[in-house]
Amino acid sequence: MTITAPALPETIAQAVDLTKTYGSGEAEVRALDGVTVGFTPGSFSAIMGPSGSGKSTLMHCLAGLDRPTSGQVYLGGTEITGLRDRELTAVRRDQVGFVFQAFNLLPTLTAKENILLPLDLAGRRADPAAFTQIVDSLRLGDRLRHLPSQLSGGQQQRVAIARALITRPAVLFADEPTGALDSRAGTDLLNLLRTATLALGQTIVMVTHDPNAAAYADRAVILSDGRIVDDFLAPDADRVLAAMKALGA
Amino acid sequence: MLRQALRELRYHPSRFVATLVAIAISVAFMVGSSVIVATEQRGVEHQQSLPIAGADVVVQVGNDADGTALRQALEGLDEVAAAEASLTYGDGLRYDTTTAFLNLIGLPSAPFRWSELVEGRWPEAAGEIALSRGAAGALGVKVGDTGLRTSGDQTLTVVGLTGEPNSLFVQTGYLARAAFVDLGFDPELGMGTWLVRGQPGVDPTRLVAAIQQVAPKGTDVQTAAALRTEAVEQLTDGFEAFRNLLWAFAAIAAVVGMITIANTFTILLAQRRRQIGLLRAVGAAGSQVRNRFLLEAIALGVMGAGLGVLLGIGLAAIGAAITGSLYWGLALPATDLAIAFAAGLLITVAAAYLPVLRGTRVRPLEALQPEPTVEERRRAGWLRGVICGVLAVSGLGLALWGLGQEEPVLPAVGGAAVLALGVLFGAPLFVPWLLRGLGALVAPLGVTPRLAAQNAVRNPRRASATATALMLAVGLIVTLQVGTASVRATILEQIDQSRPVDAAVFAWGHDQSVPAELQEQLARVRGVDGAVPLDLTTADFTRGTEVYEQLTVIGFDPAIAEVAVGAPATVGDDEILVSSRSEAAKDGQRVTLTGSEGSVELTLIRSQVLELGDVMVSSATLQKLGGVVPDALLWLSIPDRSQAISAVGQILELVGEGEFGVTGGVIEAAQIEEILNLLLLITTALLAVAVLIALVGVSNTLGLSVLERTRESALLRALGLQTRSLRSMLLIEALLLAGVGVLVGIAAGVFFGWLGAVALTSMADEAEPRLAVDLAQTLGMVAVAVVAAALASVLPGRRAAKASPTEALAEI
């Protein structure tokens with residue numbers, strides 16, 4: 001393991017010169033092309049870009065779900081790029097929280113069991129106070145014994161967020177969390193995510209293509225063709241829309 | 001985690017039905033055979049020991065012992081409450097035309113009586129008999145009937161019926177003790193076995209000791225319990241062997257079951273890839289994921305095995321009720337049941353292990369992509385090809401080499417097994433090709449068949465696994481069928497060669513004519529194509545220093561050419577025909593026949609038309625010998641083999657079991673055929689269980705793959721495919737899969753059956769093995785498989801057709 005650039009002291013998640021390619025020769029696809037980006041603790045960042053820009057790939061690599069072709073990833077101060085499967089799994093369990101667009105929950109577990117899943121896997125018990133706090137703030141108190149099939153889309157996503165928060169991870173990654181929800185549920189969700197950052201100091205990295213969703217974040221990182229083309233703080237819907245349009249040309 | 005495993009099973013029960021069925025059937029087979037064999041054994045034990053049931057101790061003396069002295073000695077003992085001689089012998093009783101074999105017991109006095117009267121009364125005088133209900137039923141008699149005849153031609157009247165339980169093997173009848181006088185036994189002194197009852201409170205062992213002190217030397221004194229155990233031990237080996245044989249079939253069913261279970265788990269894990277991926281993403285280690293699924297397998301195994309045990313006991317109880325041994329109670333051998341249960345659990349976990357291992361080795365990201373069914377275009381691998389090639393070649397070589405040896409059966413079977421293993425293991429290599437081939441035949445018929453043909457091969461590994469189970473089951477059945485048919489053909493040919501006459505009817509003492517009426521009836525039997533009556537006499541046969549006294553001599557009649565092979569055109573007055581099968585007979589030898597009225601010197605000629613031991617002379621010579629009984633022998637010809645069995649049945653009925661007997665090549669052949677057919681029927685039924693499991697596997701594969709293809713089906717429906725067409729697409733897929741399995745199974749079965757037949761018949765030197773395939777049975781097999789495959793596609797078809805196009809497509 002060679003250390004090329006030291007992790008910047010302020011970041012809790014960082015990618016250094018990240019490259020990911022699929023295929024070979026003429027059929028080679030460069031999903032990520034030398035991306036370097038860092039995220040500071042307690043921040044709510046949105047990664048955006050048109051389809052094929054590599055935003056999902058970047059998130060997967062940052063979260064330890066996929067291995068980059070070259071480059072390093074640092075999470076919570078540790079380099080995860082060289083880790084073996086066992087250790088990487090442990091990192092995902094303890095240091096990362098996930099919320100996907102859909103299919104977040106195990107269908108045969110109740111909401112409560114889904115929330116406690118990462119702790120069960122680690123063999124740890126939940127702190128009752130922390131559990132109650134998360135459940136109350138997500139308004140899931142009366143849904144804990146229900147199966148996913150008995151919950152609405154919005155409720156399912158909230159359960160997913162609760163699960164992602166229960167281990168107090170270094171970073172919570174959300175991949176198009178509002179994609180399957182109607183606008184009201186979606187707004188609700190984004191507000192909850194926003195509150196989590198403020199109240200708990202949770203770092204959130206969200207991948208989205210919706211400028212309105214990006215407006216809830218502190219920072220917007222725009223990708224195109226595997227490279228970062230724009231990166232600014234305090235995004236609002238108009239500015240983000242303009243940035244995206246500029247790419248389209 | 002256990003709770004979650006159980007919940008998984010509870011929420012999607014239909015996914016696991018096939019697996020449960022496979023496990024339950026295999027375990028039920030083992031348990032059922034164990035229980036019924038044990039129950040039958042217990043029944044036979046009790047039946048056999050009925051005569052000593054009322055006694056505490058049994059004393060057995062030699063033939064020359066002094067019965068009176070023994071009796072006095074026994075009665076003199078304080079410990080003895082009662083002592084009595086046991087009188088019993090076995091005989092065939094006849095009523096009208098029915099015969100039954102009975103255990104005839106001299107009526108014991110009250111303390112030693114174990115059965116109860118249900119009708120009538122006990123026999124009091126010689127000539128009276130009380131029968132068990134089973135015996136009465138077998139003979140077709142009721143209380144009050146006379147005319148029941150013993151083999152000694154005594155007549156008995158039925159005076160009562162007893163409530164003995166029915167037995168598979170032997171029925172009981174009670175005679176008055178006085179009846180034994182006719183047999184030469186003093187009822188007081190018995191036949192050598194004495195039953196003794198002790199005073200209340202006297203321990204049987206103490207009784208034995210007391211008796212041994214007063215009994216003459218050489219007397220065998222045992223407690224009744226010990227004697228029963230001894231009898232039991234003699235039987236045990238036979239019963240155990242039978243149970244082991246049944247378990248061998250159960251093992252075959254289990255192997256097929258394992259293939260089904262493995263397939264099910266492969267498909268299930270493929271379907272739950274997303275779940276697996278999610279678990280891995282959230283941080284479950286590979287071992288944690290595997291353990292979840294193994295726990296599900298264990299829960300499944302426990303449930304299936306439990307079900308199987310109950311099912312097996314139930315089936316055995318039904319069987320025991322039919323044979324009557326349920327009367328003595330169901331015997332539940334605890335060890336066997338435990339082994340069967342454990343086996344059921346073991347085969348589930350073992351079968352699920354590899355699929356679980358492979359199915360959970362998924363990268364988390366892979367599993368989260370909402371992609372369509374993974375098409376395993378991976379080729380089966382050259383390593384598999386090498387291994388299978390080696391197995392196949394070495395197996396074939398071993399089998400063929402074995403055939404040339406003196407003890408061919410073991411190496412032939414061993415080689416065949418290795419070859420079979422190679423074929424089964426190599427299924428993924430050739431099954432997809434066969435499927436494509438078959439599919440190519442079907443595809444030109446339309447869009448639906450073409451889609452079906454493509455679908456059948458989209459997952460070659462899964463298709464191979466499904467077809468393999470069917471191949472194994474069908475292959476075994478066809479092997480048995482072909483083997484039996486070939487053995488039968490060979491044996492029949494043998495018989496044909498050694499027995500020149502199809503059937504011969506004669507009086508037992510060769511001293512009566514076959515009545516003209518009987519001759520006519522026999523000639524009219526369908527299948528009989530010629531009946532020639534022959535005259536007989538008896539004479540002493542002298543050849544040099546050899547003398548055979550009272551040999552049966554047959555008079556030549558030119559008509560025998562119609563009914564026997566190798567008949568000469570004529571026999572000279574100075575010639576005697578002797579069977580060419582006799583090694584001592586040589587053409588030209590001088591023979592003297594001395595009959596009751598004269599003596600003749602003749603020249604010996606060997607002839608094919610006679611069986612060993614028969615001689616034939618001209619009718620003039622016969623008259624010279626004197627004592628001729630005309631029409632004492634009737635030769636029948638039954639040229640059409642296919643009518644042989646029914647013809648033989650009628651002949652046997654007409655001739656009856658009295659003064660006349662029947663023998664001959666066709667008779668022998670018919671008896672052998674009956675045995676072989678029964679054997680084949682039983683083994684086919686036993687193997688049918690395996691076939692059932694394999695077909696359940698076909699249905700399972702289809703059903704689960706339909707679940708996977710929900711979106712595809714919905715798309716097809718959206719694009720305009722009719723529900724009916726969707727269902728027939730699945731039907732064709734099922735037929736293709738089953739077709740490949742059955743075809744390969746039949747091909748392999750024919751080869752292995754031939755191998756077995758050759759190995760068996762090569763042990764009998766002269767036999768030339770003939771390959772015979774019973775077309776009816778084989779086609780029947782194909783038909784069953786086709787129908788079953790069609791049925792297997794019905795449920796999945798309905799499920800596929802129910803998918804509403806928009807609903808299924810909306811799923812993200």
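Since the model is a prediction, treat every value here as computed from it, not as a measurement. So you know, we letter chains A, B, ... as the sequences are listed, proteins then strands, and number each from 1.
A search for ring-ring contact (aromatic ring centres under 6.0 Å, His included) contacts involving A/Phe100 returns A/Phe98, not counting sequence neighbours. Listed by chain and residue number, nothing satisfies the salt bridge (Lys or Arg N to Asp or Glu O under 4.0 Å) test with A/Arg143 (two or more places apart in sequence, or in another chain).
Heavy atoms of A/Thr57 lying under 4.5 Å from chain B are absent altogether.
Residues A/Leu65 and B/Ala281 come closest through the heavy atom pair CD2-CB, 3.7 Å. B/Gln275 approaches A/Leu106 most closely through the heavy-atom pair CG-CD2, 3.6 Å.
The contact list for residues 144-167 of chain A toward chain B, using heavy atoms and a distance under 4.5 Å, reads A/Leu147, A/Arg163 by residue number. For residues 113-120 of chain A, a heavy-atom distance under 4.5 Å to chain B picks out A/Glu113, A/Leu117, A/Pro118, given by residue number.
For B/Tyr353, the OH atom counts as loosely surrounded, since its 6.0 Å shell holds 12 or fewer non-hydrogen atoms of other residues, nucleotides or ligands. Within 6.0 Å of the CZ atom in A/Arg227, the count of heavy atoms belonging to other residues, nucleotides or ligands does not exceed 12.
Using a 4.5 Å heavy-atom cutoff, the side chains of A/Asp85 and B/Arg280 are in contact. A 4.5 Å side-chain heavy-atom check between B/Val282 and A/Arg92 finds every atom pair outside the cut-off. In this structure, the side chains of A/His60 and B/Pro364 stay at 4.5 Å or more apart for every pair of heavy atoms.
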